[in-house]
Amino acid sequence: MPLRPPASILLSLGLPLALAGCSGAQPDATPYRADRVPPARVTGPAESCIPLMQFRETQVRDSRTIDFLAPGGRRGWRSTLPNSCPGLTLERAFSFNTSISQLCQQDIITVLQRLGPGLMPGAACGLGPFTPIELERRR
C-alpha cells in the first residue's frame with residue numbers, strides 16, 4: 001500500500017525532486033558521473049529554505065545533487081546533499097512531507113523505489129542548503 005500522508009508531495013518520474021544528505025553504508029546503484037551535473041552560474045548566497053511555489057520541477061543529477069527548477073527550467077536552486085543518498089540516482093524519484101509552504105535544508109526526503117506496479121519507500125536523506133543558480137546554455 002503506497003504511503004499517502006496528507007501533507008506530502010509525491011514526486012514521480014515525471015516530476016523528480018532534489019534530495020539531500022543521506023548517511024547510509026550502502027552505495028548508490030548507479031556510480032557518480034560528473035557529466036550529470038551541468039555547469040551553473042551561482043546567482044546569490046545559499047538559502048536555508050525555498051518556497052514550494054517557486055519551483056516547478058526537479059532534476060536529480062547524481063546521488064548528492066538535486067536541481068529545483070523554476071518555470072522555464074534554467075533558473076532555480078541546487079541542493080548538494082551532505083552525503084550520498086542511496087538509490088537516488090537510480091530511482092530519480094522521492095517524496096517529502098512539510099507542514100509549511102517551504103522546503104528547507106533540514107527536511108528529509110524519501111527515495112521512492114519501483115517494485116512491480118507500486119512504489120516502496122527507500123532511503124531517507126536530509127536536504128542541503130539551496131544555492132540559487134542559472135544553468136549554462138548548452139552549446
Side-chain angles (χ1 to χ4, degrees):
M1 177 177 232
L3 299 174
R4 294 185 187 180
S8 72
I9 294 179
L10 176 66
L11 302 171
S12 66
L13 295 176
L15 183 63
L17 263 186
L19 300 178
C22 286
S23 59
Q26 212 174 357
D28 202 341
T30 304
Y32 170 81
R33 287 183 29 203
D35 61 339
R36 283 204 174 146
V37 183
R41 182 174 62 87
V42 174
T43 60
E47 302 170 22
S48 60
C49 297
I50 58 173
L52 294 176
M53 300 304 289
Q54 294 295 309
F55 62 92
R56 180 165 289 167
E57 69 173 295
T58 62
Q59 293 288 319
V60 174
R61 302 302 187 179
D62 61 28
S63 66
R64 292 190 60 203
T65 310
I66 301 168
D67 288 346
F68 295 83
L69 301 173
R74 285 195 57 234
R75 293 179 182 253
W77 296 266
R78 179 167 284 171
S79 180
T80 302
L81 311 179
N83 300 293
S84 179
C85 188
L88 181 61
T89 306
L90 177 65
E91 300 296 345
R92 305 175 71 82
F94 62 91
S95 67
F96 64 90
N97 291 322
T98 183
S99 59
I100 60 174
S101 60
Q102 297 184 36
L103 187 61
C104 297
Q105 74 180 54
Q106 68 271 15
D107 288 337
I108 303 295
I109 60 158
T110 302
V111 175
L112 297 175
Q113 299 175 324
R114 287 169 277 193
L115 291 174
L119 297 171
M120 293 288 295
C125 306
L127 291 169
F130 298 91
T131 302
I133 60 163
E134 181 174 346
L135 296 175
E136 293 184 7
R137 292 190 188 274
R138 294 184 182 178
R139 297 177 191 225

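Put simply, OG on Ser63 and CG on Asn83 are 9.5 Å apart, with the number rounded to the nearest 0.5 Å. Atom CE of residue Met120 and atom CZ of residue Arg114 lie 14.5 Å apart, to the nearest 0.5 angstrom. One finds the CD1 atom of Ile50 at 5.0 Å from the CZ atom of Phe55 (value rounded to the nearest 0.5 Å). Atom CZ in Arg78 sits 12.0 Å away from atom CD in Glu134 (nearest 0.5 Å).
Scanning both residues, Gln105 and Phe130, for their nearest heavy atoms gives N-CE1, 3.7 Å. Heavy atoms only, all atoms of each residue included: Glu57 and Gly73 are closest at OE2-CA, 4.4 Å. Shortest non-hydrogen contact noted between Glu91 and Leu112 is CB-O, 3.3 Å. When every heavy atom of Thr131 is checked against every heavy atom of Gly44, the shortest pair comes out as CG2-O, 4.3 Å. Heavy-atom minimum distance, Pro86 versus Ala123: O-CB, 3.4 Å. Residues Gln102 and Asp107 share a closest heavy-atom pair of O-OD2, 4.0 Å.
Tracing side-chain contacts under 4.5 Å through hydrophobic residues (I, L, V, M, F, W, Y), one never reaches Leu69 starting from Val60; they form parts of separate clusters. Note: the hydrophobic cluster containing Ile133 does not contain Leu127 (ILVMFWY, side chain heavy atoms under 4.5 Å, direct or indirect links). Residues Leu52 and Trp77 fall within the same hydrophobic cluster, defined by Ile, Leu, Val, Met, Phe, Trp and Tyr side chains chained together at heavy-atom separations under 4.5 Å.
Thr110 places no side-chain N or O within donor-acceptor distance of the main-chain N or O of Ser95, the cut-off being under 3.5 Å. Counting only distance, with no hydrogens or angles, the side chain of Ser79 and the backbone of Gly128 share a donor-acceptor pair below 3.5 Å. Arg75 contributes no side-chain N or O that, together with a main-chain N or O of Ala70, makes up a donor-acceptor pair within less than 3.5 Å. Checking side-chain atoms of Arg64 against main-chain N and O of Thr80 turns up no donor-acceptor pair under 3.5 Å.
Within the 4.5 Å cutoff, the side chain of Pro132 has heavy atoms near those of the Glu47 side chain.
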Checklist entry - Between Gln54 and Leu103, does a side chain to side chain contact (heavy atoms under 4.5 Å, CB included) hold up when you go through it step by step? => result CA-CA 10 Å; Gln54 294 295 309; Leu103 187 61; over 6 Å; no
